[in-house]
2 protein chains.
Amino acid sequence: MSDTSIPASGKGNQHLSPKSDIEISQAASMRPIVDVAREKLGIPAEHVLPYGHYKAKISLDYLSSLQDRPDGKLILVTAITPTPAGEGKTTTTVGLGDALNHIGKKAIMCLREPSLGPCFGVKGGAAGGGYAQVVPMEDINLHFTGDFHAIGAANNLLSALIDNHVYWGNSLGIDPRRISWRRAVDMNDRSLRSIVSSLGGVANGFPREDGFDITVASEVMAIFCLATSLEDLQRRLGDIIVAQTRDKKNIRASELKAQGSMAALLKDAIAPNLVQTLENNPAFIHGGPFANIAHGCNSVIATKAALKLADYVVTEAGFGADLGAEKFFDIKCRKAGIKPDVTVIVATIRALKMHGGVAKDDLKVENVAALEKGFANLKRHIANVQKFGVPVIVSVNRFSTDTQAEIELLQKLSEAEGVDCVLADHWGSGGPGAAELAHKVVSTIEAKPSQFKPLYADDLPLVEKVRTIARELYGASDIALDPSVKTRFAELEKEGFGHLPVCIAKTQYSFSTDANAKGAPSGHVIPVRELRLSAGAEFVVVVCGDIMTMPGLPKVPAANNIEVGADGRIAGLF
Amino acid sequence: MSDTSIPASGKGNQHLSPKSDIEISQAASMRPIVDVAREKLGIPAEHVLPYGHYKAKISLDYLSSLQDRPDGKLILVTAITPTPAGEGKTTTTVGLGDALNHIGKKAIMCLREPSLGPCFGVKGGAAGGGYAQVVPMEDINLHFTGDFHAIGAANNLLSALIDNHVYWGNSLGIDPRRISWRRAVDMNDRSLRSIVSSLGGVANGFPREDGFDITVASEVMAIFCLATSLEDLQRRLGDIIVAQTRDKKNIRASELKAQGSMAALLKDAIAPNLVQTLENNPAFIHGGPFANIAHGCNSVIATKAALKLADYVVTEAGFGADLGAEKFFDIKCRKAGIKPDVTVIVATIRALKMHGGVAKDDLKVENVAALEKGFANLKRHIANVQKFGVPVIVSVNRFSTDTQAEIELLQKLSEAEGVDCVLADHWGSGGPGAAELAHKVVSTIEAKPSQFKPLYADDLPLVEKVRTIARELYGASDIALDPSVKTRFAELEKEGFGHLPVCIAKTQYSFSTDANAKGAPSGHVIPVRELRLSAGAEFVVVVCGDIMTMPGLPKVPAANNIEVGADGRIAGLF
């Protein structure tokens with residue numbers, strides 16, 4: 001979920017800073033967020049709801065008042081298929097936003113909120129890196145403005161209402177074996193993946209199998225990110241299907257009268273959060289759904305607000321472009337009626353060499369042949385994005401081990417695809433390091449108007465939507481369906497869900513379902529294992545492999561090294 | 001946990017307002033909290049960390065800078081033994097604070113934060129009532145500034161670290177049967193009281209019995225409320241005993257290196273929250289531990305800060321004086337080194353008549369004999385508080401059904417005990433309605449210096465501490481111990497915990513362990529069923545009856561009626 005920042009290995013960058021991310025962050029010269037809002041975005045102070053001096057929510061009433069303004073330009077930052085070498089998607093999003101401001105444009109970033117759980121697992125934050133960060137970084141990575149806690153509470157209130165309904169007589173006839181709604185906690189906790197609840201006798205209810213997902217994997221999170229207003233949020237919450245009866249009739253949250261109190265829990269959270277970059281430029285950070293069981297983009301409300309507030313909006317989507325950009329286009333843009341103007345695909349020479357077969361330990365050695373071979377991965381992502389009618393720019397995060405021959409080859413190969421390839425060093429130099437990228441983004445938007453259209457039509461049957469994605473984007477020969485999956489497709493069509501977009505849950509490490517198949521595999525078959533209906537989020541999750549909804553902690557969790565000094569400063573986090 | 005506000009029946013008050021609590025609250029004329037902090041308490045704006053415009057945290061650095069100031073006067077508001085007729089302890093705390101300001105004194109209130117879970121169960125908030133409320137009431141009753149979510153996250157991080165330790169080899173030799181640390185969620189959810197976790201195979205850990213408490217019942221909450229600084233908090237978190245080995249060696253959170261990351265999660269929460277009353281007077285609302293498994297008082301940090309910031313500090317403790325005031329004196333004041341100057345015992349004539357044997361439906365009828373009989377309850381509470389050397393005032397929340405004869409009798413009976421008895425109507429009239437009470441508080445503090453001392457010495461053996469409380473305060477002839485409890489007392493003494501205070505968990509509805517024994521029973525025996533060591537909070541919980549650590553929802557939960565309008569206003573909450 002958290003993208004690996006560029007210097008995953010902690011070394012190798014051309015402009016290597018001697019400082020860690022948290023050191024750079026803590027040394028930041030932050031401005032009061034009320035001033036950032038007023039000076040950079042023209043938002044009057046009374047509409048800025050501060051959370052301390054450096055975080056704020058912007059009131060929905062104010063944002064509604066901007067409806068008649070024209071929209072700014074929307075820039076999606078996505079990436080090649082991720083490898084352990086690291087790409088730096090969030091860092092590029094922040095760096096490009098700073099760079100656009102640096103060259104005199106009015107730009108804002110729209111990022112996803114990081115999940116709390118992973119902070120205590122493998123060391124690493126999700127607020128950019130180096131000199132391209134959003135701050136205050138500790139706050140953003142911990143509770144921030146409480147949105148995720150609100151989402152978790154709404155999720156768990158619904159759970160409590162389900163079991164409470166069964167306890168008090170079960171007039172809706174819920175089949176306890178068919179309760180699909182799971183509980184949520186914002187923690188990496190494998191022990192809660194699978195539990196039996198309501199043990200201990202009559203007073204505690206009817207024992208049943210249950211489990212917890214991490215909060216980001218909750219459908220409430222996906223709904224939160226797709227809702228266009230508080231009313232739309234409340235309606236979608238009511239539409240959630242929580243269980244079935246013995247004769248497989250769907251039970252919705254609205255039948256438990258849950259949506260009003262869930263919305264009450266979310267009414268403050270739904271307003272977007274404003275923070276600043278190290279260069280005091282504005283950034284919305286709002287919502288952060290899993291990129292497998294959900295669509296992995298920040299909230300529609302934040303993105304739409306940003307388009308009214310700035311001339312350029314830089315946003316990101318989870319995982320590589322096959323998953324993240326596809327869902328951004330086919331789910332978020334389709335449903336929210338927004339139109340991306342250009343897409344930046346982030347790559348590193350190191351990662352492309354891994355796609356070309358080089359082992360991680362050998363990445364420092366020049367290997368032009370491997371780069372050429374690995375370019376197949378980038379090439380397919382370029383072609384995929386172009387299928388949506390959106391112009392593409394390649395941005396390369398430079399490492400000091402990149403050789404001149406490698407750089408020239410990558411630029412030549414990109415140009416052969418009709419795409420500009422720009423070197424960027426925002427990690428080491430902040431906004432000025434990505435100025436060339438910013439200029440290229442502006443000139444591309446001016447020169448090549450986007451012809452955005454989703455990949456498939458709403459009225460294509462669900463199974464054909466999946467087949468289209470598999471063939472057109474993944475290079476697969478076809479999809480494979482178990483009989484039970486075929487039946488479920490038919491059921492969903494019959495129940496009136498055929499018009500929904502599909503949300504593919506698949507390994508992010510390959511175009512195929514085999515995480516080891518790097519580069520650009522083709523001719524493979526994509527097995528569909530399961531369908532999960534997210535009736536409130538309004539998509540159908542198509543599970544094509546393992547789907548992780550509750551991570552675990554590693555043997556030596558990062559939590560072991562975190563301390564708070566007497567001065568209130570956190571040490572050991574990131 | 002949430003005290004019932006006066007008009008529990010929704011009618012009967014002398015100055016009956018046609019408006020509900022939430023209507024009064026939403027019509028409040030709130031001032032920016034930054035202005036309240038500056039004008040009423042002299043706190044400079046840079047030390048006020050706002051959460052929206054009407055809630056704020058006050059920075060610990062600023063509070064530390066006040067150490068050399070003299071302390072204000074400390075007023076505890078407690079109550080007779082609660083009945084379904086309602087007493088109005090929180091309402092009196094707010095009303096008295098407003099009244100002190102009304103008569104020209106510099107006063108601040110210290111209240112407990114309400115728990116989120118009960119909001120969705122039985123209708124009723126915990127922010128005062130009528131014209132004696134703290135606002136913004138919806139915020140205070142929902143997420144407020146996120147303290148409880150932070151406490152829940154710290155609790156659950158420790159849980160995850162325990163199971164993770166076992167999963168990765170269990171080098172500490174934790175016996176999974178002897179893990180006493182439970183998970184927490186801020187929701188009324190009976191289904192989570194007793195669970196089996198880690199099902200589903202090798203990747204999910206070792207199955208074991210587990211369960212969830214509501215967040216307010218977590219030892220982290222008790223620690224949060226007793227800690228005197230961030231350092232003290234971190235130390236206490238490390239001292240938590242989470243489990244035992246097979247040979248019954250205690251395992252502490254510090255052995256899992258958990259305390260630093262738990263403290264990191266709590267570093268913002270530990271700063272006290274400032275809000276205002278309907279009359280724009282300042283109130284700290286910070287911490288809210290269960291009054292059975294913990295001590296049921298707001299945080300020491302808030303109380304100590306309040307004593308530096310104002311001349312009069314009005315605070316409350318959970319349940320009746322036998323439980324709440326005793327724990328306030330013997331745990332909070334003893335440990336924090338603070339000294340109460342006067343105690344206000346809240347009573348209603350209705351409730352005293354119930355203690356005298358009148359059924360709830362007959363309370364409107366004058367019954368002088370029942371009142372005289374029921375006065376025994378108040379009389380014992382008066383005597384109990386006086387045993388701590390603290391002067392007492394009785395405050396009577398008036399209802400329109402109270403007759404002149406009843407009022408005169410109550411005043412006569414109180415005066416016979418050497419105690420002033422004041423009628424108060426802050427519920428209907430705000431601060432001016434409790435002006436007489438405020439004057440009485442001020443004159444009592446001036447006339448009768450408090451000779452506060454705890455009931456028992458630190459070095460009394462644990463079992464004798466329990467016996468002293470039972471005999472001296474509860475009117476019991478003795479305590480009764482099972483052999484297993486005797487053994488546990490001996491173990492705790494041997495392990496070096498004999499110097500800790502005891503925290504009695506007992507029904508709040510009687511001086512005995514029989515909830516139906518109203519009035520002032522005596523000669524009964526208090527059976528001790530179980531001891532639970534809270535080594536981080538630094539007390540020993542003595543369970544003398546059922547102990548509720550996870551409530552359930554009622555058949556028709558309040559959640560069913562809550563809605564959010566398009567304007568973002570919540571309807572149906574309270």
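Bear in mind that the values here come from a model prediction, so they are computed numbers and not experimental data. In the text below, chain A, chain B and the rest are named by the order of the sequence lines, each starting its count at 1.
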Residue pair B/A264 / A/I562: nearest heavy atoms and the distance that separates them:
CB-CG2, 3.8 Å
Contact origin within A/A184 toward chain B - heavy atom pairs under 4.5 Å
neither
What one should report as the nearest heavy-atom pair of A/N204 and B/R193 is OD1-NH1, 2.9 Å
The interface call for A/K555 against chain B, heavy-atom contacts under 4.5 Å, is both
Which heavy atom in B/N156 sits nearest to a heavy atom in A/M187, and how many Å separate them?
O-CG, 4.0 Å
Measure distances from A/F206 to the heavy atoms of chain B and classify the residue's part below 4.5 Å as side chain, backbone, both or neither.
neither
With a 4.5 Å cut-off on side-chain heavy atoms, are B/L265 and A/F120 touching?
yes
Shortest non-hydrogen contact between A/V48 and B/H53, atoms and distance
O-CE1, 3.2 Å
Any idea which heavy atoms bring B/A263 and A/V564 closest together, and the distance?
C-CG2, 3.6 Å
Best-contacting candidate, A/L157, A/I570, A/I270, against chain B by heavy atom pairs under 4.5 angstrom
A/L157
Region of A/E46 in contact with chain B, defined by heavy-atom distances below 4.5 Å:
backbone
Please assess B/I195 against A/D210 for the test side-chain contact (heavy atoms from CB on, under 4.5 Å), listing each intermediate value before the final yes or no.
CA-CA 10 Å; B/I195 69 170; A/D210 194 3; over 6 Å; no
Closest non-hydrogen contact found for A/H149 with B/A153 is CE1-CB, 4.2 Å
What part of A/Y167 lies closer than 4.5 angstrom to a heavy atom of chain B: side chain, backbone, both or neither?
side chain
Donor-acceptor pair, B/N164 side chain versus A/D189 backbone, under 3.5 Å?
no
Between A/P554 and chain B, with a heavy-atom cut-off of 4.5 Å, which part of the residue counts as in contact: side chain, backbone, both or neither?
backbone
Top contributor to chain B interface from A/L49, A/D61, A/D268, A/V196 [non-hydrogen pairs under 4.5 Å]:
A/V196
Any donor-acceptor pair under 3.5 Å from B/R183 side chain to A/L192 backbone:
no
Using a 4.5 angstrom heavy-atom cutoff, name the option from A/D567, A/D163, A/L553, A/L230 with the most pairs to chain B.
A/L553
Between A/G568, A/A571, A/G146, which has the largest tally of heavy atom pairs under 4.5 Å with chain B?
A/G568
Among A/G552, A/G205, A/A559, which has the most heavy-atom pairs under 4.5 Å with chain B?
A/A559
Heavy-atom pairs under 4.5 Å with chain B are the metric here; pick the option from A/K57, A/R569, A/E563 that has the most.
A/E563
Does any heavy atom of chain B fall under 4.5 Å from the side chain of A/Y51, the backbone, both, or neither of them?
both
